[in-house]
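Read through the structure below, which is laid out as structure tokens, and then see the notes.
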There are 2 protein chains.
Amino acid sequence: MPDHQEKEQPRRRQARGERRMAQLLEAAAAVFCTTGYTAASTNAIAREAGVSPGTLYQFFPNKEAIAIELGERLVHELRDTYGEALAPVDPATPLEEAVGAAVDRFIAFNCNHPVFFALMHGPDIPGRIAEEHDALHATLLSRIAELLSSFLPEDTPGADVTRTAQMVLGVYKAGLELVLAHEGAEREAYVQELKDVLVRYLAPLVGPRLGRPAGTPATTD
Amino acid sequence: MPDHQEKEQPRRRQARGERRMAQLLEAAAAVFCTTGYTAASTNAIAREAGVSPGTLYQFFPNKEAIAIELGERLVHELRDTYGEALAPVDPATPLEEAVGAAVDRFIAFNCNHPVFFALMHGPDIPGRIAEEHDALHATLLSRIAELLSSFLPEDTPGADVTRTAQMVLGVYKAGLELVLAHEGAEREAYVQELKDVLVRYLAPLVGPRLGRPAGTPATTD
DNA sequence: GACAAACGCGAGTGGTCGCTCGCATTCTGG
DNA sequence: CCAGAATGCGAGCGACCACTCGCGTTTGTC
């Protein structure tokens with residue numbers, strides 16, 4: 001056996017093929033957005049892209065692979081463009097600022113790529129996508145936990161940090177859903193509300209000098 | 001036309017039939033819980049109940065009707081057993097107590113009826129279920145808004161109250177998901193965490209004398 | 001221009017699922 | 001006890017869907 005490649009290298013493609021793939025992924029994104037993954041039919045995706053079902057299968061081995069590829073590209077772009085949203089920050093940074101910046105970045109990404117939300121929240125998504133979702137979820141959790149560690153008192157038990165991180169991520173997702181459901185000024189208001197929830201939740205946990213709650217007036221008469 | 005009934009009265013049933021219906025609904029609950037609504041097949045439900053597909057259709061006109069009936073019974077039980085969870089409370093009640101009681105009741109209901117969560121969060125549930133979900137959602141929202149009104153300052157704009165209610169419900173759902181994902185002591189810890197999030201979020205909004213945050217020590221040295 | 005490979009098509013295939021139908025069995029009222 | 005209704009069955013029907021196949025078209029290469 002002179003040359004056995006277990007992994008099939010991606011077939012040699014012409015420029016036309018690359019364009020078709022992008023076009024198909026875009027169409028898939030649109031269909032997934034409106035109907036969700038399971039309800040989306042490959043024929044519908046092909047129709048949306050203006051090609052035949054056979055053409056679709058020239059570039060993707062099956063329906064799952066479309067979602068996988070889409071998900072991978074999204075995660076990649078998320079890491080590239082917004083990865084630093086959760087980069088370690090100077091612990092002297094006010095809590096409100098740190099939370100606000102992170103929330104703004106992730107909200108912006110989700111507003112620009114509504115498919116992301118659809119793919120990451122479908123309950124009946126197939127195995128590989130779920131894996132990717134879990135991986136991203138775990139990454140975010142550990143990043144958040146890491147950030148929290150730099151804000152929280154040093155004697156905070158690890159289990160508490162994890163729980164707080166889970167809570168922060170969960171609240172963020174809930175807020176994201178509300179933000180995406182509104183537009184314009186209302187959307188902005190919900191973004192602010194989400195920041196308030198997170199800041200007020202975390203403020204009592206951080207050191208007393210860093211964590212003055214958002215709504216507290218500086219002076220009391 | 002002596003007697004035209006647009007609504008077909010539910011066929012006359014024998015006791016056996018009622019038992020079968022309950023049995024089928026229970027089986028459906030189990031299947032919906034594990035696979036979700038769309039992925040659940042009527043044959044699987046019938047098999048779980050130990051009857052033939054034909055028997056299933058003796059009692060339910062279609063798959064959707066099963067979910068409808070199940071949802072209606074759950075909502076009914078929710079209203080009966082836990083309806084007072086959001087009943088108007090004495091505004092003198094401490095915020096923590098009011099939030100704690102409401103959260104405890106709803107968490108308990110969801111722990112006892114895991115189907116409820118499955119049915120109410122499936123994204124591709126058919127029209128009528130979605131209606132019911134929306135109705136329940138709206139009811140909860142107005143109840144929460146009502147309760148908030150009795151705590152919040154009287155000059156709070158209505159839009160703000162609505163937004164806060166949406167946020168509270170969203171945060172609750174996120175917390176519920178985390179609670180259901182854990183067991184034993186961890187579950188209890190998440191329940192407490194959820195209460196903390198809500199109390200700290202709402203505390204600054206209510207009158208200053210009522211809303212001392214949960215974690216704030218009474219004295220500072 | 002010639003050859004091969006990539007591209008493109010769309011009717012067709014196998015499988016699943018919601019649901020039906022004809023017939024057997026059990027129950028209820030008179 | 002008996003007629004009729006309610007209950008129960010399970011093979012099968014029609015629709016839909018992921019996916020394939022054979023064949024025609026375009027593109028890159030020499």
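Below, chains carry the letters A, B, ... as their sequence lines are ordered, and counting in each starts from 1.
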### Task
Inspect the contact between B/Glu177 and B/Lys173 and indicate whether a charged nitrogen and a carboxylate oxygen are less than 4.0 angstrom apart.
no
### Query
Within the pair B/Arg20 and D/dA6, is there a side-chain N or O less than 4.0 Å away from OP1 or OP2?
no
### Task
Let me know the distance between CD of A/Glu18 and C1' of C/dC7, rounded to the nearest Å.
13 Å
### Task
Find the distance B/Leu56:CG to C/dC17:P and express it as a whole number of Å.
15 Å
#### Entry: Spacing between A/Arg13 atom CZ and C/dG8 atom P, to the nearest angstrom
10 Å
### Query
Under 4.0 angstrom, heavy atoms only, what part of the nucleic acid is A/Phe60 near: base, sugar-phosphate, or nothing?
nothing
### Message
Rounding to an integer number of Å, can you tell me how far B/Arg19 CZ sits from D/dA6 P?
### Response
17 Å
### Task
Answer with yes or no after comparing the ring centroid distance for A/Phe116 and A/Phe109 against a 6.0 Å cut-off, counting only values under it.
yes
### Query
Considering all heavy atoms of both residues, which atom of A/Ile45 and which atom of A/Ala27 are nearest to each other, and what is their separation?
O-CB, 3.7 Å
#### Entry: Length of the CZ-C1' vector between B/Arg47 and D/dC9, whole Å
15 Å
### Task
State the CG-CG distance between A/Leu194 and A/Leu198, to the nearest 0.5 angstrom.
5.0 Å
## Note on the structure
So CZ of A/Phe32 and CD1 of A/Ile66: to nearest 0.5 Å the spacing works out to 6.0 Å
### Query
Going 5' to 3' along nucleotides 13-30 of chain D, which nucleotides have protein heavy atoms under 4.0 Å from the base (write B), which only from the sugar-phosphate (write S), and which from neither (write -)?
-----SBB-----BSS--
### Short N-O contact, A/Glu69 and A/Arg128, less than 4.0 angstrom
no
